[in-house]
Amino acid sequence: AGDLAAAADATRRVLEVQVTHAAAWRSLAALLAKMQRPADATLALAPLVAIGAATESDRARLAAIPCRAGLAPPGSMTLEEIEALAPTEGGDPITDVLTLAADVLPKLYPPDLTRYGVSTRDRIPARSGHPLRNVSDRVAAIFGVVDHQLFEQATGLGAIAVELTEPVSLIVPSFVTGLSEPQRVFLMARIMASVARRVPVVHRMSAEEIELFVAGTAAAVGVSTPSRLDPGLIAELGRKIARLLARRTRRSLEDRAPALASAAARGFAEWMHRALVTAARAAVVVTDDLPGSVELVRRLEGDLSGRTTAESAAGMRIAEDLLRFWVSEPAFRLRRRLGLI
């Protein structure tokens with residue numbers, strides 16, 4: 001058993017370098033079968049489908065397992081479960097700052113539904129029976145998100161947009177209604193995972209905007225931070241944030257002055273990537289459909305999206321991470337805890 005586990009780990013290392021290596025994926029599935037893990041071995045065929053290397057037999061074996069998209073128990077994706085999926089361990093000062101100062105963000109970046117062509121009259125209420133609301137309510141419950149606002153956008157071909165209202169607003173392009181149930185679950189779950197972590201901002205702001213906000217928050221409590229951004233812009237934003245901070249929040253931020261300085265010195269593009277990866281990993285487990293999830297990431301953010309080279313490369317990093325994560329031991333353990341296998 002130890003030799004088989006070591007061989008499986010070695011195969012995963014090969015896939016870290018070459019994620020489209022079909023023979024390696026097939027070898028990993030065979031090793032899991034030899035380890036008396038038949039369900040895991042079948043699930044390990046999903047990456048072959050996602051990269052277009054599956055045989056009809058592979059597809060038939062995978063299809064024999066019922067997809068349990070969005071059927072994890074309510075409250076089962078706790079904050080602890082989500083954080084355990086993060087690609088790096090240890091403290092995250094950027095997330096800490098954004099969580100502490102979350103109440104300030106909507107005041108600095110007022111919600112604007114009009115840019116999506118919707119208004120408050122278009123809100124889809126809970127228990128309305130609307131197919132999108134049915135999915136969003138079910139997924140929100142899994143992540144312990146108590147409430148959210150939902151709007152359907154008549155136009156738009158991109159991912160679900162987010163506005164920092166209270167509760168958070170999701171603006172869903174109408175094409176999402178025509179997706180498969182697992183794909184709808186995946187898109188909703190990515191947002192709900194971030195809402196549960198109190199960082200929905202990753203779906204609303206750019207890495208540079210978040211960097212400016214963190215530097216401005218530091219300035220608001222008298223912490224000088226290294227930054228490549230305009231010092232005058234940081235100082236101006238810091239004054240605005242200082243007027244908006246509640247006394248208790250200010251004290252908490254002052255107590256974390258070293259973390260503030262550390263946060264501002266971090267690479268914000270990489271932080272954004274890690275936050276999006278964490279949400280996508282949580283979503284793909286809840287979705288229980290790797291090929292459909294990867295196809296969506298490629299179409300909306302990756303090589304099929306028509307985005308710039310840099311943007312599509314960032315999307316493909318997420319898609320490739322999902323392939324590897326799907327067959328990781330943490331993913332297998334989480335599925336068992338959620339009762340999905």
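Numbering of residues begins at 1 and proceeds along the displayed sequence. As the structure is a computational prediction, the values presented were derived from the model and not from experiment.
Judged by distance alone, the side chain of Arg299 and the main-chain N or O of Leu304 form no donor-acceptor pair under 3.5 Å. A donor-acceptor pair is defined here as one N or O able to donate and one able to accept, closer than 3.5 Å; such a pair exists between the side chain of Arg184 and the backbone of Leu179. No donor-acceptor distance shorter than 3.5 angstrom exists from the side chain of Ser128 to the backbone of Ile124, with no hydrogens or angles considered. The main-chain N or O of Arg248 is found under 3.5 Å from a side-chain atom of Ser252 such that the two form a donor-acceptor pair. Counting only distance, with no hydrogens or angles, the side chain of Ser328 and the backbone of Phe325 share a donor-acceptor pair below 3.5 Å.
A salt bridge is absent between Asp58 and Arg61; no separation between the charged side-chain nitrogens and carboxylate oxygens falls under 4.0 Å. A salt bridge does not link Arg333 with Asp40: none of the charged nitrogens is closer than 4.0 Å to a carboxylate oxygen. Glu295 has no carboxylate O lying under 4.0 Å from a charged side-chain N of Arg298, or vice versa, which leaves the two without a salt bridge. Checked for salt-bridge contact, Glu301 and Arg307 miss the test: no charged N lies under 4.0 Å from a carboxylate O. A salt bridge does not link Asp137 with Arg127: none of the charged nitrogens is closer than 4.0 Å to a carboxylate oxygen. Using a cutoff of 4.0 Å between basic side-chain nitrogens and carboxylate oxygens, Arg228 and Glu211 are scored as salt-bridged. One finds no salt bridge joining Glu181 and Arg68 here, because no Lys/Arg side-chain nitrogen approaches an Asp/Glu carboxylate oxygen to under 4.0 Å. Checked for salt-bridge contact, Arg37 and Glu329 meet the test: a charged N lies under 4.0 Å from a carboxylate O. Using a cut-off of 4.0 Å between Lys/Arg side-chain N and Asp/Glu carboxylate O, Arg115 and Glu163 are scored as salt-bridged.
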Handout entry: Candidate pair Glu80 and Arg337, rule salt bridge (charged side-chain N to carboxylate O under 4.0 Å, His left out), full reasoning
Key = CA-CA 13 Å; Glu80 183 181 17; Arg337 287 198 295 274; over 6 Å; no
Problem - Thr20/Trp25 under side-chain hydrogen bond (donor to acceptor under 3.5 Å, both in side chains): CA gap, chis, key distance, verdict - result: CA-CA 8 Å; Thr20 58; Trp25 287 117; over 6 Å; no
Problem - Test side-chain hydrogen bond (donor to acceptor under 3.5 Å, both in side chains) applied to Thr78 and Glu81, step by step - result: CA-CA 5 Å; Thr78 63; Glu81 293 282 17; 5.0 Å; no
Problem - salt bridge (charged side-chain N to carboxylate O under 4.0 Å, His left out) between Asp9 and Arg12, worked out - result: CA-CA 5 Å; Asp9 289 341; Arg12 289 188 177 103; 3.3 Å; yes
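A donor-acceptor contact under 3.5 angstrom links the side chains of Ser136 and His148, judged on distance only. Defined by atom type and a distance below 3.5 Å, a donor-acceptor pair is missing between the side-chain atoms of Asp289 and Thr287.
A cation-pi arrangement is absent between Arg281 and Trp326, since the terminal nitrogen or guanidinium carbon is not both under 6.0 Å from the aromatic centre and inside a 45° cone about the axis.
Clustering ILVMFWY residues whenever any of their side-chain heavy atoms sit less than 4.5 angstrom apart, transitively, puts Leu187 in a cluster other than the one holding Tyr116. Leu85 and Leu79 are members of different hydrophobic clusters when ILVMFWY side chains are connected at heavy-atom separations under 4.5 Å. Hydrophobic clustering, with ILVMFWY side chains joined whenever heavy atoms are under 4.5 angstrom apart, keeps Ile160 apart from Phe151. The hydrophobic cluster containing Leu32 does not contain Leu62, counting ILVMFWY residues as joined when their side-chain heavy atoms lie under 4.5 angstrom apart, directly or transitively.
Between Ile82 and Ala193 the shortest heavy-atom distance is CD1-O, 4.1 Å. Val202 and Ile210 get closest at one heavy-atom pair: CA-CD1, 4.5 Å.
Residues Thr249 and Leu245 form a side-chain contact, since some pair of their non-hydrogen atoms from C-beta on lies under 4.5 Å apart.
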